[in-house]
A.B. asks: 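Have a look at the structure that comes next, please.
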Number of protein chains: 2
Amino acid sequence: MNIADQTFPAVDSANEDRAQAIRDQLRDAIVDRRLAPGTKLSEGEVGTLFDVSRTVARAALQMLSFEGLVRTERNRGAFVANPSPEEARQVFASRRLIEPGIAIAAAGRMTPDHVAAFKAQLDEEGRFIAERGPNARRSEIKASGDFHLLLASVAGNTILQRFMEELVARSSLVIALYGRSGVSSCGHSEHMNILEALENGDSERASALMLHHIDHIEADLDLRVRSGPALRQALEF
Amino acid sequence: MNIADQTFPAVDSANEDRAQAIRDQLRDAIVDRRLAPGTKLSEGEVGTLFDVSRTVARAALQMLSFEGLVRTERNRGAFVANPSPEEARQVFASRRLIEPGIAIAAAGRMTPDHVAAFKAQLDEEGRFIAERGPNARRSEIKASGDFHLLLASVAGNTILQRFMEELVARSSLVIALYGRSGVSSCGHSEHMNILEALENGDSERASALMLHHIDHIEADLDLRVRSGPALRQALEF
DNA sequence: CCGGAAAAGATTGCATACGATTTTTGCGAC
DNA sequence: GTCGCAAAAATCGTATGCAATCTTTTCCGG
């Protein structure tokens with residue numbers, strides 16, 4: 001064993017899959033609404049933008065399509081997903097089914113470290129809500145999602161964690177599309193209440209609060225079909 | 001409008017993505033245990049086997065890796081997943097969380113057509129159990145999984161349906177790896193009881209039965225680490 | 001001026017090529 | 001015999017090229 005055997009983590013992460021890095025950046029852009037739903041993501045464009053070949057760009061787009069953030073049409077290309085109200089309802093139905101259980105699991109595994117991480121997360125969330133800049137709303141949505149992702153990671157089930165990553169990403173899209181007002185400030189206090197229940201190990205309460213929280217988020221959406229799907233689709237492209 | 005404008009559906013389905021077709025065949029092979037866990041799936045081999053280029057084979061393998069049926073290591077290749085006992089537990093924990101809810105949703109949407117489909121499914125399941133051939137067990141596992149997939153499709157939530165497809169596929173792998181005996185005959189009667197509850201619209205009972213059913217399946221597994229992971233791994237390759 | 005067909009251009013699907021990395025093989029030293 | 005090391009083979013990661021398909025433009029008859 002020699003000191004030279006060590007590999008620097010920085011090197012490793014730099015050497016990490018480029019497709020994955022591109023996927024992450026694109027996902028952030030989609031969730032943050034910097035890329036509007038319906039936007040075409042051509043392989044060539046993505047490739048030149050990130051300075052890779054179409055092969056790599058294509059792999060990144062394929063990943064996003066698996067996550068439901070991108071819709072690909074054969075021989076036509078990839079587009080930022082434009083979830084329908086029905087799809088939005090399914091996203092939240094899925095979350096209502098999964099997240100209360102995740103809250104219960106997490107309540108039984110909370111450590112002081114976890115509590116500290118949650119407090120830091122909620123602090124940041126509060127800061128974004130206080131801000132009133134142009135992209136404050138974006139940061140708000142993202143931070144709110146991060147709370148749920150943190151919870152999923154505490155729950156300790158890798159599979160459910162991945163499901164939640166997908167659901168949170170799709171939720172962000174849906175909220176950006178159909179969100180009405182600032183439920184967020186309200187959501188922030190709900191997050192704090194959930195954390196309180198988690199800290200006390202009160203899994204039942206955490207679960208119930210989570211269910212209501214999801215209901216509140218969905219209740220803030222306007223999921224009425226705007227003007228008939230045909231017209232909407234016609235105007236979209 | 002001309003009769004020549006029609007495109008034949010058969011042509012369309014034949015023209016479907018080849019990568020997807022390869023993925024489906026590989027998935028079947030993995031779930032059926034025709035491909036043992038740990039088996040290397042080299043891009044070149046898969047490509048020549050299905051008579052496509054590595055590009056397409058690679059895409060199929062990438063999809064399977066997203067589903068958790070294949071594990072890929074950079075610069076080393078793709079291998080049939082070899083789920084650890086911990087992973088197996090997580091699969092069933094996820095199912096316990098999701099499937100009772102799916103049963104409730106399905107109970108509220110059952111139509112006579114659905115009932116007929118379930119009956120046909122259970123008939124086939126019974127036939128496979130009666131058979132005592134060499135690969136009867138495989139068919140049994142597969143048919144049992146199909147029951148759960150049918151239920152998920154009735155529930156009417158596309159997102160949850162896809163989650164269930166992944167969970168059922170991984171369960172089949174886990175059962176093949178860690179399964180002890182024939183819980184299956186027992187499982188068959190449980191499936192019939194669940195269907196009965198669904199027919200009666202008794203969602204609570206269907207949900208409870210489903211939860212017990214999953215518990216029974218998991219209880220039939222032997223999830224003790226066999227002889228230390230190091231040795232096991234050493235023997236595996 | 002307005003369809004509608006045909007050609008030009010753009011984009012995807014797929015195969016192949018080449019450098020990089022890993023694994024296997026061969027061979028000499030101990 | 002086996003241990004270590006270097007060369008060879010195999011395999012992966014990625015770029016690029018070509019055919020197929022879709023989109024846009026152009027051009028022409030009405």
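Just so it is clear, the values below take in all heavy atoms, side chains as well, and ignore hydrogens, waters and symmetry mates. Every chain is numbered from 1, with letters handed out A, B, ... down the list of sequences.
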A.B. asks: Rounding to an integer number of Å, can you tell me how far A/Q20 CD sits from D/dG13 C1'?
C.D. replies: 14 Å
A.B. asks: Report each atom pair, protein N/O against N/O of nucleotides 6-10 of chain C, whose distance is under 3.5 angstrom.
C.D. replies:
none

A.B. asks: Should we count CD of B/E86 as having more than 12 external heavy atoms under 6.0 Å?
C.D. replies: yes
A.B. asks: Round to the nearest Å and state the distance from B/E73 atom CD to D/dT11 atom P.
C.D. replies: 15 Å
A.B. asks: Can you establish whether the number of heavy atoms outside A/D51 located under 6.0 Å from its atom CG is more than 12?
C.D. replies: no
A.B. asks: Between B/R138 and B/R34, is any pair of side-chain heavy atoms under 4.5 Å apart?
C.D. replies: yes
A.B. asks: Specify the separation, in whole Å, of atom CD of A/E43 and atom P of D/dT16.
C.D. replies: 15 Å
A.B. asks: Who passes ring pair (Phe, Tyr, Trp, His ring centres under 6.0 Å) against B/F147, sequence neighbours left out?
C.D. replies: B/F118, B/H191
A.B. asks: Taking A/E166 first and then A/R27, would you say they form a salt bridge - that is, a charged N and a carboxylate O separated by under 4.0 Å?
C.D. replies: no
A.B. asks: Determine whether the side chains of A/E125 and A/S144 contain a donor N or O and an acceptor N or O closer than 3.5 Å.
C.D. replies: no
A.B. asks: Any side-chain heavy-atom pair from B/N82 and B/L177 closer than 4.5 angstrom?
C.D. replies: yes
A.B. asks: To the nearest Å, how far apart are B/F50 CZ and C/dA15 C1'?
C.D. replies: 18 Å
A.B. asks: Nearest of C/dT22, D/dT14, D/dT21 to any side-chain atom of B/R74?
C.D. replies: D/dT14
A.B. asks: Using atom CG of B/D17 as one end and atom P of C/dG13 as the other, report the distance to the nearest whole Å.
C.D. replies: 7 Å
A.B. asks: Looking only at the side chains, is there a donor atom on one of A/R95 and A/H148 sitting less than 3.5 Å from an acceptor on the other?
C.D. replies: yes
A.B. asks: Report yes if a side-chain nitrogen or oxygen of A/R18 is closer than 4.0 Å to either non-bridging phosphate oxygen (OP1 or OP2) of D/dT14; otherwise report no.
C.D. replies: yes
A.B. asks: Tell me which residues in residues 52-62 of chain A lie within less than 4.0 Å of DNA chain C, going by non-hydrogen atoms.
C.D. replies: A/R54, A/R58
A.B. asks: Starting at the 5' end of DNA chain D and moving along, which residue's nearest nucleotide shows up first, B/G77 or A/N75?
C.D. replies: B/G77
A.B. asks: With a 4.0 Å cut-off, would you call B/K142 and B/D32 a salt bridge?
C.D. replies: no
